[in-house]
Amino acid sequence: MTASANPSSTSYDPWAPLVDAIVDGLVAAGTAEGLDLAKETVRAALNLDGGAEGDIAFPAHRAAQAAGRKPDDLATVLAAHFPASEGIASTAALGAYVNFRADSARLTESTLSLVLARGASYGEGPRTAASACVEHTSANPTGPFHIGRVRNAIIGDTLARALRASGVPVTTQYYIDDMGRQSAMITWIWSKPRAEWPEAIRQAVDGAETPGEKADRHRGRPYPAVSAYLKEHPEAREEVAELVQSLESGHPPERHRQLAEQILDGMLASLGRLGISFDELVWESDFVRNGSVDRVLERLGASPHAIREENGALAIDTSSYGLPKESTRVVVRRGNGTSLYVTRDIAYHLEKFSRFDRVTDVLGQDHQLHARTLDALLAEIGEARRPSFVIYQDITVPEGGRMSTRGGSAVWLDHLLEEAVARARTEVLARREDLNEAEVERIAEAVATGAVRYHIVRVAPEKPVVFRWEDALSFEGRSGPFVQYSYARASSMLRKGGFERPPYPFDAKLLAGTEEAALVRVLSRFPRAVAYAARTAHVHAIAGYAHDLADQFNRFYHAVPVLKSGTERESRVAIVAAARQTLGNALDLLGVARLETM
RNA sequence: GGGCGCGUAGCCUAGCCUGGAUAGGGCACCGGGUUCCUAACCCGGCGGUCGAGGGUUCAAAUCCCUCCGCGCCCGCCA
């Protein structure tokens, strides 16, 4: 019986040695044939998801063309000359491909050893010194989150987790807009005693409120009515405009930040249920108060592309930056001397650049032009660095159009979670009679939040999403609960067998079945999946991976007895432990709660 | 009008960056599976040629061009 080997600290990916061996072997086989194959070219050509014919495939077309050979012949020759390599069980040419099959026992050995030795850090890459800042969510503190806004938070939070796992020290930031008309509207209405509220606004709020409702709901209630009221009442509009002026000049009313904080607390509490929190909250107004916006304006004013308008406004001609024709004149200071959103955003980004090596902003597609403008203006003031943007598409409603608070089409996160918890509770009660009320609630909460979070993150950010209740509340198939269930199942097996703690000794030779081999292969792919998600910001790949792993684990579960098996029992327990570990790590990356039982 | 994104079976979706062997899943639907480690599960079946057309290439869902459809943006708003 082999004890779990202790892999070197530089070992992160069970496939790395095999890929190296294949590259070296192919180059050597080429040399034997008088061909000069470049290592990196060979490496780049390798198909790591080999398919039915093998684990890794080398398509020989390109190399054949360069050498003036027929692809099929080259593949045959390369396979024939391929040197015997440790870890590679077979090398065979099929058509223009050289197919490599890993030595299953060795792959099992190295994968399980790595997973079990690294535990919670399996999947992570080597630490890097370069730091990163991920700014996401940054919704105006004017009321509760609707699910459209939450897509930003889920993508951003998952990206931050993926980057951390890939070795990058990450700081997450929520940029709070406390400067604009929107936050002014909140302060405007709440600065008046209820009795002095305009009748239309009071009516809209009265009766809608529920006792003890969260601050974001409570303080945000009048917002749609205020918005409508201002359209019809110029004198009120004037009051709000004065308020905006006081905000932008850096002298907000005392209650202003307090109100924003109250609402924000409620908003952050909702995100907290999804496992989302922030390292830093950054207030937009701080950049006005600390003078950094003024310094930005000085630098912009010194630009040869600066345009001074008659009323004192300052604009920048950005026509040389490839922006759409209509947006080549960007105003950065109003006639009244105050700054604009984009100006403050420059100051904010300069501060980020001073603290972090990499700066990433998660933005809705409606901010696409703003992102490009920001890029251009950073160049304009001689800043060499740029943020990278993760742009995601909106969540729309089936009737068409984006979610709108004012149009009444918004689906509130809190409401969605409430529904999801209710449904999850029903599911738990239907299958578990042994749990007390608190346990039922805890599981229902985890299932509900897991379902919602997974449902949003599973789709590529650039794809639009149409919100449908029945999809968001699904606990089956490609869902968060499906992954949670597999994890709980694995946990339950270890618990029942008395295998809660390592070590998990195993003999790879006893794990030679089809389902074991398939499960090992999925397990071994995890580090690559994490690295891919971090590199490309395609965080949905982690959701896809988690589903694949849960799927294969369930097949294994049905096909292979573990606790009831004989000599293989201990080894099969090890593979279950490795699957549980990797499922758990994937759930952690997704911000979906692990459940030991459900 | 211009810019950006999207278009894969009845519905949802992966693959597109880095072109390569019969396009991978899920839902729905049909047929099976529980004296056995959790059936939120598993097995089998049905269904797509990847919006349309053209181009590049030995090879195109993937790269390029045109067109069509959908979404978003084009404020001294944020």
Side-chain angles (χ1 to χ4, degrees), chain A residues 44-45 47 49 51-53 57 59-62 64-65 70-71 94-97 99 140 177 179-183 244 284 309 311-315 322-327 330-336 338-342 344-345 364-372 391-394 396 400-402 424 427-428 430-432 447 451 458-466 468 470-471 474-479 481-482 484-486 488-497 535-536 538 540-541 543-544 547-548 550-551 554-555 557-565 572 576 597-598:
Chain A
N47 179 356
D49 300 304
E53 303 301 334
H61 311 81
R62 226 183 281 275
Q65 197 164 35
K70 286 188 172 161
L94 181 67
Y97 299 83
N99 292 304
N140 289 341
D177 172 23
M179 300 272 326
R181 212 174 107 84
Q182 289 159 350
S183 62
V244 170
E284 186 175 353
E309 309 286 351
N311 67 359
L314 178 67
L323 294 173
K325 292 202 268 300
E326 296 79 4
S327 350
V330 178
V331 175
V332 295
R333 188 184 63 211
R334 292 195 186 86
N336 67 11
T338 57
S339 61
L340 287 99
Y341 172 64
V342 70
R344 291 171 229 132
D345 213 17
Q365 65 159 341
D366 53 334
H367 280 61
Q368 177 91 29
L369 183 58
H370 172 257
R372 296 182 62 187
I391 307 283
Y392 65 93
Q393 300 290 307
D394 290 306
T396 57
R402 278 198 288 178
E427 296 293 326
V428 177
R431 40 197 112 206
R432 299 291 298 271
V447 167
R458 62 197 265 264
V459 182
E462 64 269 20
K463 299 256 193 184
V465 169
V466 179
R468 292 195 179 83
E470 63 272 27
D471 294 345
S474 168
F475 300 155
E476 292 168 8
R478 238 200 120 183
S479 72
F482 177 86
Q484 289 174 309
Y485 182 72
S486 306
R489 198 175 229 180
S491 301
S492 167
M493 292 170 83
L494 298 183
R495 200 166 48 238
K496 287 206 169 151
R535 177 173 64 82
T536 62
H538 272 177
H540 65 289
H547 175 264
D548 290 350
D551 189 41
N554 284 328
R555 286 184 215 199
Y557 174 87
H558 280 278
V560 181
V562 176
L563 298 179
K564 289 168 297 189
S565 61
R572 287 181 179 169
V576 171
T597 175
M598 67 186 273

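Being a predicted model, the structure only gives us computed values, none of them experimental.
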By the 4.0 Å heavy-atom rule, please label Asn140(A) as base, sugar-phosphate, or nothing. sugar-phosphate
Which is true for Glu309(A) with a 4.0 Å heavy-atom rule: it touches a base, it touches only sugar-phosphate, or it touches nothing? base
Write down the partner of C11(B) under the Watson-Crick or G-U wobble criteria, each distance required to be under 3.5 Å. G26(B)
So, is Gln65(A) near the phosphate of C58(B), with a side-chain N or O under 4.0 Å from OP1 or OP2? yes
Phosphate contact (G5(B) OP1 or OP2) by Arg372(A) side-chain N/O below 4.0 Å: no
For C43(B), take OP1 and OP2 only and decide whether either is under 4.0 Å from a side-chain N or O of Arg555(A). yes
At under 4.0 Å between heavy atoms, what does Ala541(A) touch on the DNA or RNA strands: base, sugar-phosphate, or nothing? nothing
Quick one: is Arg402(A) getting a side-chain N or O under 4.0 Å of the C73(B) phosphate, OP1 or OP2? yes
Within the modelled atom types, does a donor on one side and an acceptor on the other bring the side chain of Asn336(A) and the base of C76(B) under 3.5 Å apart? no
For a quick check of understanding: with a heavy-atom distance under 4.0 Å over all strands, which category does Val342(A) fall into, base, sugar-phosphate or nothing? nothing
Does any nucleotide pair with A61(B) by Watson-Crick or G-U wobble geometry, both distances under 3.5 Å, and what is it? none
Looking at G75(B), I'd like to know if its phosphate oxygens (OP1 or OP2) sit under 4.0 Å from a side-chain N or O belonging to His370(A). no
NA contact type, His547(A), heavy-atom cut-off 4.0 Å: base, sugar-phosphate, or nothing? sugar-phosphate
Give a yes/no on whether any side-chain N or O of Lys463(A) is located under 4.0 angstrom from OP1 or OP2 of G71(B). no
Only pairs with both distances under 3.5 Å count, Watson-Crick or wobble alike; so what is the partner of A39(B) in this structure? none
Could you tell me the Watson-Crick or G-U partner of G5(B), where both distances fall under 3.5 Å? Say none if there is no partner. C70(B)
Give one of base, sugar-phosphate or nothing for Phe475(A), where a contact means two heavy atoms less than 4.0 Å apart. base
By nearest atom, which of the nucleotides C77(B), C74(B), C42(B) is closest to the Asn554(A) side chain? C42(B)
What does G47(B) pair with, Watson-Crick or G-U, if both distances are under 3.5 Å? none
Could you tell me the Watson-Crick or G-U partner of C76(B), where both distances fall under 3.5 Å? Say none if there is no partner. none
In Å, rounded to the nearest 0.5 Å, how long is the span from CE of Met598(A) to CZ of Phe475(A)? 8.5 Å
